[in-house]
Amino acid sequence: MSADVRAGIAVIGGGSAGAVVAARLAEAGADVLLVEAGPDYGPNGTPGWPADLVDATTLALSHDWGYASPDGRWAWERARVIGGCSSHNGAIAAVGHRSDYDRWGLPGWTGDDVEPVYREVVERMRVRVYGEDEVVPFHRHCLTAAEALGWRMASDLCDLDANDSFGLESVNVVGRTRWNAAFAYLDPVRALPNLAILDRTLVDRIAEGTSGVAIHAVRDGRPLLVHADRVVLAAGVYGTPLILQRSGVGDPERLAALGVAPVLDLPGVGANLHDHPIVLVDRAIGDALQADIDAAKARGFLPEEQTLGKAVSTQSPDGLFDLHVFPVLAADQTNELHGRVGIVVSCVTPESRGRIDIASTDPEAHPVIDHDYLGDAAGHDLAVLRDGIAKANALFDHPAVAEHVGAAVTDLSTDAGIRANVAHYYHPVGTAKMGAGPDAVCDATGRVHGLERVQVADASLFPRIMRANTNLPAVMAGEVVARHVPR
Ligand SMILES: Cc1cc2nc3c(=O)[nH]c(=O)nc-3n(C[C@H](O)[C@H](O)[C@H](O)COP(=O)(O)OP(=O)(O)OC[C@H]3O[C@@H](n4cnc5c(N)ncnc54)[C@H](O)[C@@H]3O)c2cc1C
């Protein structure tokens, strides 16, 4: 095949997991090409890095793919830049509970298997717990209230055996810098001659042949053909299934309807999309708390999140936590208070499932995304949120917090009110899930069923979401799959 670029292993997507895969394979001596749709600003400290991507105190949305629901109600943020979502996220570091992994029933992914991997990930990502001296007043008041209400006080988001607790969050923040996966994994290997990074290059589709994989991409508006012996898809929970579908891998009827010639019948591609649903329980704030917050901001460091509670709802089948309950200083992504503070409540064991599909064969076309939040027939997710709202209100109503806040702004007292305000935690997973059933897309090494030379390594692999923010899990997935890539 006459190709513009040749590589041993092409890793597609340089996000949380892709950065890890590329780095680990390059370290091991493989000939690696990392293909990323967004820009690569170079190693940490390079002057070109946009300030918002580096500054960990706010979510940075300057490099977003721009996916949103047609009615504008939900934005589905994903970063288009080296480091992927780890370059614009909240940098909260968590791993979930051991049972989250055990229940997958997949060799190499049990709690015992991932525990040592997480130890390495936590070190690489430079995870630390916020210091007592950094805690700003609203979070301090919430800590006081939580302790008085009987929560076990602990900062144990990175402990696979910890159950419900309330404490300071662990974060991958160094100074004020969001320590993204590119800084953590790519920077140490950037000088290796066997690693090349092709940024601003959008992968359209792939085609596996007997001698390798053809990767059809677009760079500077022109087609680019890459030939690789193997491919690792790490384009994320939206990007990976879209590339597979454009390549003819998915539900044949859906693909044919869009003019894509079906290559492989894998109906699970794009299905099983799920996230942690959230609602923001809010209260108006008065001048005194606003002044405290302004003073903290003036001192230079005011992250919107610092504390988090894990709680057990009445729906929990196993006595393990199924709720995150965490105070926030921002009422929306502008990181502005707009006269209120919030306590976000999330169901971290959701049953609702949606899907993602290409809308056309144009790789720049936005996909059709349907998360179906709170759509599970038994009403599980809604019931868990209801319990969480009660826990958030208890925190707000405790005198330690109550004396600083006013009345609720948003009415969440009815199911209709919850449904009208449900949002997401930025943690979509599951669209190329591992397993053996008819809806599984990959085996436990990440290899796509029916293909020999194509593996997936990102959050789309997770059959069921963990009770955790998903950045460290995506990094962990990169570490695990990298060990299974033949070199
Ligand atoms: C706003 C926000 C806040 C979040 N906050 C937190 C948090 O505080 N803590 C936490 O743990 N998690 C958080 N998350 C979630 C977490 O960051 C993600 O789950 C994780 O980064 C996903 O990693 P990934 O490797 O699966 O995908 P990504 O990191 O999204 O990487 C995919 C990469 O592939 C590239 N790509 C996609 N399609 C193509 C293509 N066709 N061609 C070439 N390249 C392509 C993308 O540009 C991207 O760089 C947050 C997410 C968001 C969006």
Side-chain angles (χ1 to χ4, degrees), residues 10-22 34-40 56 58-61 63-65 67 75-96 121 125 127 157-158 169-173 178 180-182 198-206 215-219 224 226 232-247 275-276 303-305 308 324 326 333 358 363-364 367 424-432 456-462 465-466 468-478 481:
V11 178
I12 298 174
S16 301
V20 181
V21 176
L34 177 58
V35 185
E36 165 57 44
D40 172 20
T58 58
L59 297 181
L61 297 174
H63 289 63
D64 194 64
W65 283 79
Y67 299 157
W76 289 302
E77 299 82 356
R78 291 291 97 182
R80 184 170 178 158
V81 65
I82 200 76
C85 289
S86 74
S87 294
H88 76 166
N89 70 13
I92 309 306
V95 300
V121 169
M125 295 297 289
V127 173
L157 287 178
C158 290
E169 289 180 326
S170 39
V171 288
N172 46 288
V173 176
R178 176 185 288 106
N180 64 50
L198 196 58
D199 72 345
R200 302 173 204 264
T201 303
L202 178 70
V203 171
D204 174 2
R205 62 191 199 281
I206 58 173
I215 301 158
H216 298 267
V218 183
R219 189 161 209 256
L224 180 90
V226 179
V232 179
L233 287 174
V237 68
Y238 299 149
T240 286
L242 297 179
I243 293 171
L244 286 170
Q245 290 173 354
R246 288 193 296 267
S247 308
D275 193 347
H276 300 133
E304 63 170 47
E305 284 183 52
L308 187 143
H324 276 189
F326 57 99
Q333 291 170 341
I358 51 169
E364 286 288 7
H424 62 81
Y425 204 170
Y426 310 109
H427 300 157
V429 304
T431 52
V456 171
D458 58 35
S460 39
L461 285 177
F462 304 147
I465 198 164
M466 51 288 296
N469 313 56
T470 46
N471 188 42
L472 291 198
V475 172
M476 178 276 290
V481 175

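All figures in this text were calculated on a predicted structure; none of them were measured in a lab. Just follow the structure's listing: the first ligand is 1, and inside any ligand the first atom is 1.
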### Contact check, Tyr238 vs ligand 1, heavy-atom distance below 4.0 Å
no

### Query
N/O of Ile12 under 3.5 Å from N/O of ligand 1, yes or no?
no

### Query
Which ligand 1 atoms does Ala459 reach within 4.0 Å, using its non-hydrogen atoms?
26 (O)

### Query
Given that the side chain starts at C-beta and the backbone is N, CA, C, O, which of these parts of Leu242 lies under 4.0 Å from ligand 1, counting heavy atoms, or is it both or neither?
neither

### Query
Any chance the side chains of Arg219 and Thr201 put a donor and an acceptor closer than 3.5 Å?
yes

### Query
How does Ala234 reach ligand 1, if at all, at less than 4.0 Å between non-hydrogen atoms: by side chain, backbone, both, or neither?
backbone

### Task
Report the relative orientation of the aromatic rings in His324 and Phe326; use parallel for angles under 30°, tilted for 30 to 60°, perpendicular for over 60°.
perpendicular

### Query
Does ligand 1 have an atom that lies less than 4.0 angstrom from a heavy atom of Pro363?
no

### Nitrogen or oxygen of Gly18 less than 3.5 angstrom from that of ligand 1
no

#### Entry: Considering all heavy atoms, the nearest Val232-Ala457 contact
CG1-CB, 3.7 Å

### Query
What atoms in ligand 1 come closer than 4.0 Å to a heavy atom of Ser86?
21 (O)

### Message
Give the atom numbers and elements of ligand 1 that come within less than 4.0 Å of a heavy atom of Ala79.
### Response
46 (C), 47 (O), 48 (C), 49 (O)

### Task
In sequence, state the C-alpha distance, the side-chain angles, and the governing distance for Cys85 and Arg78, and then conclude on side-chain contact (heavy atoms from CB on, under 4.5 Å).
CA-CA 6 Å; Cys85 289; Arg78 291 291 97 182; 3.7 Å; yes

### Summary
atom 32 (C) of ligand 1: of Ala17, Ala235, Gly84, Gly13, the nearest heavy atom sits on Ala235

### Query
Have Ser16 and Asn471 got a donor and an acceptor in their side chains that come within less than 3.5 Å?
yes

### Axial cation check for Trp65 ring with Arg80, 6.0 Å and 45° limits
yes

#### Entry: Structural part of Ala91 in contact with ligand 1, heavy atom criterion under 4.0 angstrom
backbone

### Task
Using a strict cut-off of 4.0 Å, indicate which atoms of ligand 1 neighbour a heavy atom of Asp458.
25 (O), 26 (O)

### Task
Say whether Thr201 and ligand 1 are in contact under the criterion: heavy-atom distance to a ligand atom below 4.0 Å.
yes

### Task
Could you say whether the N/O atoms of Cys85 and ligand 1 ever approach to under 3.5 Å?
yes

### Query
For Glu36, is at least one N or O under 3.5 Å away from an N or O on ligand 1?
yes

### Message
Within ligand 1, which atoms have a heavy atom of Gly90 less than 4.0 Å away?
### Response
3 (C), 4 (C), 5 (N), 6 (C), 7 (C), 8 (O)

### Query
Does the N or O separation between Val237 and ligand 1 drop below 3.5 Å for any pair?
no

### Task
Identify the two heavy atoms, one from Leu202 and one from Pro363, that lie closest to each other, and give their separation to 0.1 Å.
CD2-CB, 3.7 Å

### Task
Could you point out which residue of Thr470, Asn172, Val121 forms a side-chain contact (heavy atoms from CB on, under 4.5 Å) with Val475?
Val121

### Message
Taking 4.0 angstrom as the limit and counting only heavy atoms of Val81, give me the atoms of ligand 1 inside it, by number and element.
### Response
47 (O), 49 (O)

### Query
Counting distance only, does the side-chain N/O of Asp458 pair as donor-acceptor with the main-chain N or O of Ala17 below 3.5 Å?
no

## Note on the structure
Between Cys158 and Ser170, the two heavy atoms sitting closest are SG-OG, 3.7 Å

### Message
Side chain or backbone, does Arg80 bring an N or O within less than 3.5 Å of an N or O on ligand 1?
### Response
no

### Task
First locate atom CG of Leu472, then atom CE of Met466, and finally report the distance between them rounded to the nearest 0.5 Å.
10.5 Å

### Message
So if I count the atoms of ligand 1 from 1 in the order they appear, which ones are less than 4.0 Å from some heavy atom of Thr470?
### Response
10 (C), 11 (O), 12 (N), 15 (C), 16 (C), 18 (C), 19 (O)

### Message
Does ligand 1 come near enough to Glu77 that some N or O of the ligand is less than 3.5 Å from an N or O of the residue?
### Response
no

#### Entry: Contacting atoms of ligand 1, where contact means under 4.0 angstrom from a heavy atom of Ala474
22 (C), 23 (O)

### Query
Which of these passes side-chain contact (heavy atoms from CB on, under 4.5 Å) with Tyr426: Asn89, Leu59, Asn469?
Leu59

### Rounded distance (nearest 0.5 Å) linking atom OG of Ser247 with atom CG of Asp204
7.5 Å

